[in-house]
Peer 1: 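One structure is given below, represented as structure tokens, and several questions about it will come after.
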There are 2 protein chains.
Amino acid sequence: MTVEPTRDPNAVPPTAAALPVTVDVVALTVRDGALHVLLVERAVEPHRGALALPGGFVLPGEDLVTAAARELTEETGVTPPGHLEQLRTYGPLGRDPRGPVLSVAYLLVAPHFGVVEAGSDAAAAAWHPVTDVLPAGAGPAERTGPAAPGGLAFDHARILADGVERTRSKLEYSALATAFCADEFTVTDLRRVYEAVWGVRLDPRNFSRKATGTPGLLEETGRTTSGGTGRPAALYRAARPVVRPGGLADGAADVPALLNPPLLRPPV
Amino acid sequence: MTVEPTRDPNAVPPTAAALPVTVDVVALTVRDGALHVLLVERAVEPHRGALALPGGFVLPGEDLVTAAARELTEETGVTPPGHLEQLRTYGPLGRDPRGPVLSVAYLLVAPHFGVVEAGSDAAAAAWHPVTDVLPAGAGPAERTGPAAPGGLAFDHARILADGVERTRSKLEYSALATAFCADEFTVTDLRRVYEAVWGVRLDPRNFSRKATGTPGLLEETGRTTSGGTGRPAALYRAARPVVRPGGLADGAADVPALLNPPLLRPPV
DNA sequence: TCAAAAGTGTTGGTTATACACCCATGG
DNA sequence: CCATGGGTGTATAACCAACACTTTTGA
């Protein structure tokens, strides 16, 4: 078995570009009835001092999901719980002053995380209401230039907008909302997620019927809450695990089990 | 303005991985009442002789969408018409025998393309019914190993399955079906798309009412068909252009204008 | 016994499905 | 005037938003 010295047919062609790749994480949670995103303050150039999504460069031999988890922990002290799914890939041109950089964005949805603390490359890490950092009405269609004044570093404003929009849509057609809740939760907990993410008020009585009547959304535990005021509420689990077995496994397609019937957003 | 010679804070850190990046295109169309995918037969190693999605390496200074269009044209002679959207990113580990390679997959949906012809790196290029190449029932959850015997090269079976599944879902909630149709089309043309992609029969009369009654889906042209047998049908255009202005622009989010109400798949 | 929260019954309007029927054209 | 495919009418059933009302707890 001799190897052709001049051209190995089983090698990457030399004309191919070799690109640095980053992963950025849109970590979302619901706090105080509002959707919050986890942001860091950049401690290094470029965009030093600006707010940014946690993230960083993929290391040699590393996979994307591994890199996402590592960067999140390094910069914010948070160990990824909950539901991690790929959002989309950005670049490589015109998004980083250092040159062509490809960025793969991930969406992380989870109930209240542990305490966040700034790590390497980050001067600070904290939760921000998305309404504070995203100009109202700035849908994903509105292109925000790189590092808009007062905005996020790089094209992170657009990535965040995409992540929020995806989350809003997926509440309708998938069981993603349960990823915002703890292991066991009440129908009211679930309703507060919908209300926070969509920014609407929903009728608790009709929502209860809809949620419990939608196959593939809830699974009874037989247990109830206690201690609170009022009648105890039934506790549920997510019917099909939103977190795929294996924890951080990179979900197959971003086409989860669809809810049927869907929980449609009320028309404005 | 002196530049720090030892460490430029505005440079990509040397520890970052530089990865070769490919783009792969899942090109779908409806032919003879069935969903077809455009595949090439690989003329070079690895996986020489196997069927694969058209695609190849991104070149230096090139953007992803540009690379996707270039590779598609090079390998199949097809100039991308229609609707191009990013599907998802795969890798970099464990998917290419040449080593870590990141692949960004695109979904291309269009009406009948022009003639396809094999180009460089491809021994053949042709349309295949997806049912021929994807084992029935192989949803995106079923992981098919790299280059399963008789299957597609690399992890292309999984990419294709993801693309088909995404297409099926998006017919329900978006106007994607119009991207399968020519500039002007009848309600029956549109119905045949739904029937082919979902693999079901739909009542022509009720479908007509639903399609014409769903805002954001159809736009009247005032014109009708002629020459065929039976009563002439009204011709429509896609209401909101599925192709974004600029042709191949990389769509903002994969969150297109949602149909309200959606056109739900009939329950099995 | 009261307040608070959970959950069920009821009702009237909307929407969907199934299918009978009419419309417009080519041969 | 008949065959063919396009499109509308309509009855029945299913669904849904609104809200009165009952249940179950803590104080």
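These values consider heavy atoms only, across backbone and side chains, with no hydrogens, waters or symmetry-generated copies. Quick note on labels: first sequence line is chain A, next is B, and so on, each numbered from 1.
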Peer 1: State, without any angle test, whether A:Asp162 and A:Tyr90 hold a side-chain donor-acceptor pair at a distance under 3.5 Å.
Peer 2: yes

Peer 1: Using a 4.0 Å cut-off on protein heavy atoms (strictly under), produce a 5'-to-3' string for nucleotides 6-17 of chain D with B for base contact, S for backbone-only sugar-phosphate contact, and - for none.
Peer 2: BBBBB------B

Peer 1: My understanding is that only residues two or more places apart in sequence, or in another chain, count here; which of them pass side chain to side chain donor-acceptor pair (under 3.5 Å) with B:Asn260?
Peer 2: none

Peer 1: Take the protein atom CG of B:Asp203 and the nucleotide atom P of D:dG5, then report the distance between them rounded to whole Å.
Peer 2: 15 Å

Peer 1: Can you see which heavy atom on A:Ala118 is nearest to which on A:Ala125, and at what distance?
Peer 2: CB-N, 3.9 Å

Peer 1: Grab the CZ-P distance between A:Phe185 and C:dA6 for me, whole Å please.
Peer 2: 14 Å

Peer 1: Got a sec, which residues hit side chain to side chain contact (heavy atoms under 4.5 Å, CB included) with B:Thr186, two or more places apart in sequence or on another chain?
Peer 2: B:Thr188, B:Asp189, B:Thr225, B:Ala233, B:Leu235

Peer 1: Testing the 3.5 Å rule here: is there a donor-acceptor pair between the side chains of B:Thr89 and A:Thr89?
Peer 2: yes

Peer 1: I want to confirm an ordering. Mapping B:Pro267 and B:Ser226 to their closest nucleotides on DNA chain C, which one lands closer to the 5' end?
Peer 2: B:Pro267

Peer 1: Rounded to whole Å, please give me the gap between CZ in A:Phe207 and C1' in C:dT8.
Peer 2: 17 Å

Peer 1: Whole angstroms only, please: what is the CG-P distance between A:Leu202 and C:dA5?
Peer 2: 17 Å

Peer 1: So, A:Arg88 and B:Glu85, do they make that salt bridge, N to O below 4.0 Å?
Peer 2: no

